[in-house]
Amino acid sequence: MDEVGRWPLAWPVTVGVLVCLPAFFRSLPEWYDCVTDSKKVSPWQREYLARAILDHPHIVSGIAFSPASLIDKSGIVVATRRAAMKALDMLFVSLKNKKLSLKDIHIILDGKTDYGLRAVLPYPLETVIRGDQSVREIGAASIIAKVQRDGWMTKLSTKKKYH
């Protein structure tokens, strides 16, 4: 799991989560070695990697956001936790649809804060500082979240009222 948009002053904070199913590791795709922190790859590479990640049959993911209004009202920690919970809900629904057990879930989150998730989740949670650089699955979550957020921001920038 990773979040993007925590530090920018513009909407939204976005969280990406993913699970690489066991079959994924039996035959790693050629792009796997390129996965790292979303800020360390070019926009073109991010787009390519995000599409490859989201289209891979052995990766299950979820992406969700919290808008600026929630950040302004409740703070970035609450907004990030809410986006994380929505993204996890999406992920868990997809895993259940694949008839996979949730009993072996172990969440690895980039950074040093857990956004209060340990208190509300029934799964073990580990935080890893610079995890988006050292754990490819966190890097992949970072990439899909950043591409989604960048797409929203680009679309927002084309609205007449922001010109």
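Here the structure is a predicted model, which means the values were calculated and not measured. For this chain, numbers begin at 1 and follow the sequence in order.
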Could you pull out all residues at least two apart from Arg118 that satisfy salt bridge (charged side-chain N to carboxylate O under 4.0 Å, His left out)? Asp114
Which atom names give the shortest non-hydrogen contact between Ile59 and Cys20, and what distance separates them? CG1-SG, 4.2 Å
What closest approach, in Å, do Ala145 and Gly16 show between heavy atoms, and which atom pair accounts for it? CB-N, 3.6 Å
Who else is in Ile138's hydrophobic cluster (ILVMFWY, side-chain heavy atoms under 4.5 Å, direct or via others)? Ile108, Val128, Val135
I'd like to check Tyr115 versus Leu109 (side-chain heavy atoms, cut-off strictly below 4.5 Å). Are they in contact? yes
Indicate the atoms forming the closest heavy-atom contact of Ala87 with Ala64, along with that distance. N-CB, 3.5 Å
Hey, is the main chain of Pro12 close enough, under 3.5 Å, to the side chain of Arg149 for a donor-acceptor pair? yes
Should Leu121 and Val15 be regarded as members of a common hydrophobic cluster, given that ILVMFWY residues are connected when their side-chain heavy atoms come within less than 4.5 Å of each other, either directly or indirectly? yes
On a heavy-atom basis, which atom in Ser38 and which in Arg46 lie closest, and how many Å separate them? O-NH1, 2.9 Å
In terms of hydrophobic clustering (I, L, V, M, F, W, Y; side-chain heavy atoms under 4.5 Å; direct or indirect links), are Val60 and Ile63 co-clustered? no
Set of residues satisfying salt bridge (charged side-chain N to carboxylate O under 4.0 Å, His left out) with respect to Lys40, sequence neighbours excluded: none
Donor-acceptor check, side chain of Ser66 to backbone of Val13, threshold 3.5 angstrom: yes or no? no
Rounded to the nearest 0.5 angstrom, the OG-CD distance for Ser61 and Glu137 is 13.5 Å
In Å and rounded to the nearest 0.5 Å, what is the CG to CD1 distance from Leu91 to Ile107? 8.5 Å
Those residues that, when tested against Val78, pass side-chain contact (heavy atoms from CB on, under 4.5 Å) (two or more places apart): Ser74, Arg81, Arg82
Please evaluate residues Thr127 and Thr113 with respect to the criterion side chain to side chain contact (heavy atoms under 4.5 Å, CB included), reporting the C-alpha separation (whole Å), side-chain torsions for both, the decisive distance (0.1 Å), and the verdict. CA-CA 7 Å; Thr127 57; Thr113 182; over 6 Å; no
Do Val17 and Leu117 belong together in a cluster built from hydrophobic side chains that touch within less than 4.5 Å? yes
Closest heavy-atom contact between Leu18 and Ala140? CD2-CB, 3.4 Å
Between Glu47 and Trp44, is there a donor-acceptor pair closer than 3.5 Å when you use the side chain of the first and the backbone of the second? no
Hey, mind stepping through Asp132 and Lys39 against side chain to side chain contact (heavy atoms under 4.5 Å, CB included) and telling me if it holds? CA-CA 9 Å; Asp132 50 2; Lys39 297 177 294 300; 3.8 Å; yes
Got a sec, which residues hit ring pair (Phe, Tyr, Trp, His ring centres under 6.0 Å) with Phe92, two or more places apart in sequence or on another chain? Tyr123
What I want to find out is whether Asp37 reaches Arg130 closely enough, with some N-O distance under 4.0 Å, to be called a salt bridge. no
Using only atom types and a distance under 3.5 Å, with no angle test, would you say the side chain of Ser27 pairs donor to acceptor with the backbone of Ala23? no
To the nearest 0.5 Å, atom OG of Ser142 lies from atom CG of Leu49 at 11.0 Å
Any residue meeting ring pair (Phe, Tyr, Trp, His ring centres under 6.0 Å) with Phe65, in chain and number order, not counting sequence neighbours: Trp11, Trp152
Joint hydrophobic cluster, Leu21 plus Leu88, side-chain heavy atoms closer than 4.5 Å: yes
How many angstroms lie between atom OG1 of Thr80 and atom CE of Met1, to the nearest 0.5 angstrom? 11.0 Å
Taking Thr36's backbone N and O only, do any of them form a donor-acceptor pair with Arg136's side chain (distance below 3.5 Å, no angle check)? no
Under 3.5 Å, is there a donor-acceptor pair between the side chain of Asp110 and the main chain of Asp2? no
Consider only side-chain heavy atoms of I, L, V, M, F, W and Y, link residues closer than 4.5 Å, and tell whether Met153 and Val147 are in one cluster. no
Could you check whether any side-chain heavy atom of His56 comes within less than 4.5 Å of a side-chain heavy atom of Trp31, counting everything from C-beta outward? yes
Any chance you could measure Tyr48, atom OH, to Ile143, atom CD1, to the nearest 0.5 Å? 11.5 Å
Distance (rounded to the nearest 0.5 Å) between Met90 CE and Met85 CE: 14.0 Å
